[in-house]
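One structure below.
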Amino acid sequence: MSEAQKTAGRQDAGPPTVTGVDRFFRITERGSTFGREIRGGFATFFTMAYILVLNPLILGSAKDKFGEQLDPVQLTTATALVAAVMTVIMGVGGNLPLALAAGLGLNAVVAFQLAPLMSWDDAMGLIVLEGLLICVLVVTGLREAVMHAIPQPLKQAISVGIGLFIALIGFVDAGFVTRIPDAANTTVPVQLGSTGTLAGWPMLVFCVGVLLTIGLLARKVRGAILISIVAMTVVALVINALADVKTWGLTTPEWPDRIVDAPDFGLLGQFSLFGAFGQVGVVTVVLLVFTLVLSDFFDTMGTVVGVSAEAGLLDEDGKVPGLGKVLLIDGAAAVAGGAASASSATSYIESAAGVGEGARTGFANLVTGSLFGLALFLTPLLTIVPLQAAAPALVAVGFLMMTQVRHIEWDRYEIAIPAFLTIVVMPFTYSITNGIGAGFLAYVLIKTVLGRAKEVHWLLWGTSALFLVYFAIDPIEQLLGV
């Protein structure tokens with residue numbers, strides 16, 4: 001064939017064919033590829049797979065008012081099932097690379113605040129009520145309106161704060177940073193390692209993993225985060241087989257005796273929608289549900305904005321595409337979590353790890369959700385990744401999200417101070433909600449002090465008032481005698 005014929009053939013070929021799946025998820029439109037989406041889906045799963053261990057540990061270690069405990073095997077099944085189903089629904093319905101699973105913090109509230117006051121069925125019923133209330137807020141447009149009322153610099157600050165928060169999660173999960181017990185009589189609340197120094201093979205895996213991840217990122221290697229997770233998991237398996245390691249923490253990297261294990265769905269549907277009212281009274285139930293809703297509401301808001309911003313999906317007004325659907329699915333996830341006794345499910349900031357791998361659409365969720373589905377049967381195999389191998393990804397993603405700090409006008413104190421408080425309160429209090437609340441309250445206060453209160457959207461006034469109640473919930477409960 002002549003060169004002219006080859007050239008003509010290339011011209012006749014036209015642009016690459018866009019498949020129906022590509023069009024549905026807008027993969028090419030968002031500058032992504034199937035390869036990036038698949039890598040992102042894997043990365044997200046491996047950075048949040050710890051919930052398959054942690055959620056059963058937290059809920060299973062607590063007793064309800066009647067001394068009953070939840071079965072760990074059933075909890076693992078419920079956790080994996082809810083994560084799989086709701087992550088896929090978010091991918092198809094919301095088209096964002098945003099995975100969902102049982103929320104950390106919320107599960108602790110269920111285990112250590114709700115359960116001691118009532119039965120497990122009643123506690124999970126409150127989670128269902130919380131999710132239903134959130135869905136009502138979405139349907140009425142109130143939840144989306146609040147998110148649109150937030151100034152763009154504060155949204156950027158939320159993203160930066162989450163970056164620091166997720167990096168701290170990585171450091172803490174790996175044991176690189178630990179809390180010094182109060183009994184130590186020291187003024188330093190945290191320290192390096194468990195004794196002020198770095199020691200042990202697991203710590204070596206984490207440190208090498210961080211160096212490997214940042215090295216690959218600096219060289220712009222595709223799949224950097226996933227390569228690091230897989231490589232350091234293999235290293236951890238070898239070290240655990242050859243060395244005398246006292247503990248790896250929650251997950252020990254060792255080949256399981258069996259790969260397949262049957263799921264146990266015994267906890268599904270074990271909830272009582274209104275049983276708590278008879279156990280603790282109407283006032284207490286209202287306050288408990290209010291606390292759950294506020295925490296879930298703003299944790300999700302921060303996560304959705306942060307992940308979307310990192311993926312470059314916010315529009316020119318700083319709005320998340322298809323936000324109404326995304327928030328409704330997130331509310332439905334809370335309902336599903338309570339109905340399955342897995343605690344409230346919510347959007348995971350670890351989804352940013354998938355974004356770091358290039359995921360830009362809900363197609364990545366199909367991968368992540370499928371892996372959680374496999375976890376129903378292959379939990380022994382899929383949970384061999386130790387935190388020390390997965391945590392470097394969180395540190396790297398923290399850096400990526402931190403870069404948005406450059407967009408904040410630090411010479412404008414009316415926005416710089418609220419942004420600063422939003423950023424620092426998140427990691428320092430280990431809570432996305434607390435950081436958002438501190439930023440909102442500071443923003444409203446400063447605008448008022450400057451005589452520009454009219455510039456504050458009425459929804460921010462209302463939200464800030466709710467945060468006042470949120471932060472003052474203990475004295476309020478004392479005043480009400482509950």
Side-chain angles (χ1 to χ4, degrees), residues 30 44 90 94-100 103 105 134 137-138 141-167 169 294-331 333 346-356 359-362 364-365 397-398 400-408 415 418-427 431-443 457 459-460 463-464 467:
R30 292 185 179 179
T44 295
M90 178 64 81
N95 198 23
L96 284 182
L98 196 65
L100 300 95
I134 287 178
L137 293 176
V138 174
L142 184 60
R143 196 180 190 190
E144 186 173 352
V146 170
M147 292 186 70
H148 290 332
I150 302 169
Q152 180 65 8
L154 272 185
K155 291 181 181 178
Q156 292 160 342
I158 289 170
S159 180
V160 174
I162 290 175
L164 290 178
F165 180 47
I166 199 172
I169 290 174
L294 206 60
S295 180
D296 201 350
F297 188 110
F298 286 101
D299 263 14
T300 296
M301 189 194 73
T303 298
V304 171
V305 171
V307 172
S308 299
E310 180 58 29
L313 297 178
L314 299 181
D315 62 20
E316 59 274 8
D317 297 321
K319 296 180 180 179
V320 178
L323 181 60
K325 291 181 180 179
V326 172
L327 296 180
L328 183 61
I329 293 170
D330 186 86
T346 188
S347 302
Y348 257 58
I349 190 57
E350 282 85 349
S351 303
V355 171
R360 295 293 181 271
T361 76
N365 276 31
V397 169
L400 294 174
M401 300 186 72
M402 179 75 186
T403 58
Q404 299 213 27
V405 74
R406 68 186 184 276
H407 299 301
I408 299 172
I415 195 64
F420 168 75
L421 289 174
T422 299
I423 291 169
V424 299
V425 170
M426 281 189 196
S431 167
I432 294 174
T433 300
N434 291 345
I436 293 174
F440 280 16
L441 288 170
Y443 179 78
H457 196 287
L459 282 173
L460 280 187
T463 304
S464 298
F467 269 118

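This structure is a prediction, so every number in the text was calculated from the model and none was measured.
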Query raised in the report: Is there a donor-acceptor pair closer than 3.5 Å between any side-chain N or O of Arg360 and the backbone N or O of Ala311?
Result: yes

**Report entry** CZ (Phe467) with more than 12 external heavy atoms under 6.0 Å
**Finding:** yes

Report task. Check the pair Ile329 / Leu98 against side chain to side chain contact (heavy atoms under 4.5 Å, CB included), numbers first and verdict last. Result -> CA-CA 11 Å; Ile329 293 170; Leu98 196 65; over 6 Å; no

**Report entry** Note, Tyr443 side chain near Leu421 side chain (heavy atom, < 4.5 Å)
**Finding:** no

Requested in this report: From the options Ile423, Ile166, Val160, select the one residue that forms a side chain to side chain contact (heavy atoms under 4.5 Å, CB included) with Met402.
Outcome: Val160

Query raised in the report: Closest heavy-atom contact between Leu164 and Pro427?
Result: CB-CG, 4.0 Å

Query raised in the report: Say you draw a straight line from OG1 of Thr422 to CD1 of Ile158; how long is it, rounded to the nearest 0.5 Å?
Result: 6.0 Å

Query raised in the report: Should Leu313 and Val320 count as side-chain neighbours, where that means a heavy-atom distance under 4.5 Å?
Result: no

**Report entry** Point-to-point distance, once rounded to the nearest 0.5 Å, from CD1 of Ile134 to CG of Asp296
**Finding:** 4.0 Å

Report summary line: CZ (Arg30) and OG1 (Thr361) are apart, to the nearest 0.5 Å, by 6.5 Å

**Report entry** Whether Asn365 side chain and Asn95 backbone form a donor-acceptor pair below 3.5 Å
**Finding:** no

Query raised in the report: Taking side chain as C-beta onward, heavy atoms only, is Thr346 less than 4.5 Å from Leu100?
Result: no

Report summary line: Rounded to the nearest 0.5 Å, the CG atom of Leu137 sits from the CG atom of Leu328 at a distance of 11.0 Å

Query raised in the report: Atom CG of Leu459 and atom CG of Leu142: how far apart are they, to the nearest 0.5 Å?
Result: 6.0 Å

Query raised in the report: Only one of Gln156, Lys155, Gln152 clears side chain to side chain contact (heavy atoms under 4.5 Å, CB included) with His407; which?
Result: Gln156

**Report entry** Closest approach of Ser347 to Thr300 (non-hydrogen atoms, all atoms of both residues)
**Finding:** OG-CG2, 4.1 Å

Query raised in the report: For Ser351 and Pro97, which heavy atoms make the closest approach, and how far apart are they?
Result: CB-O, 3.4 Å

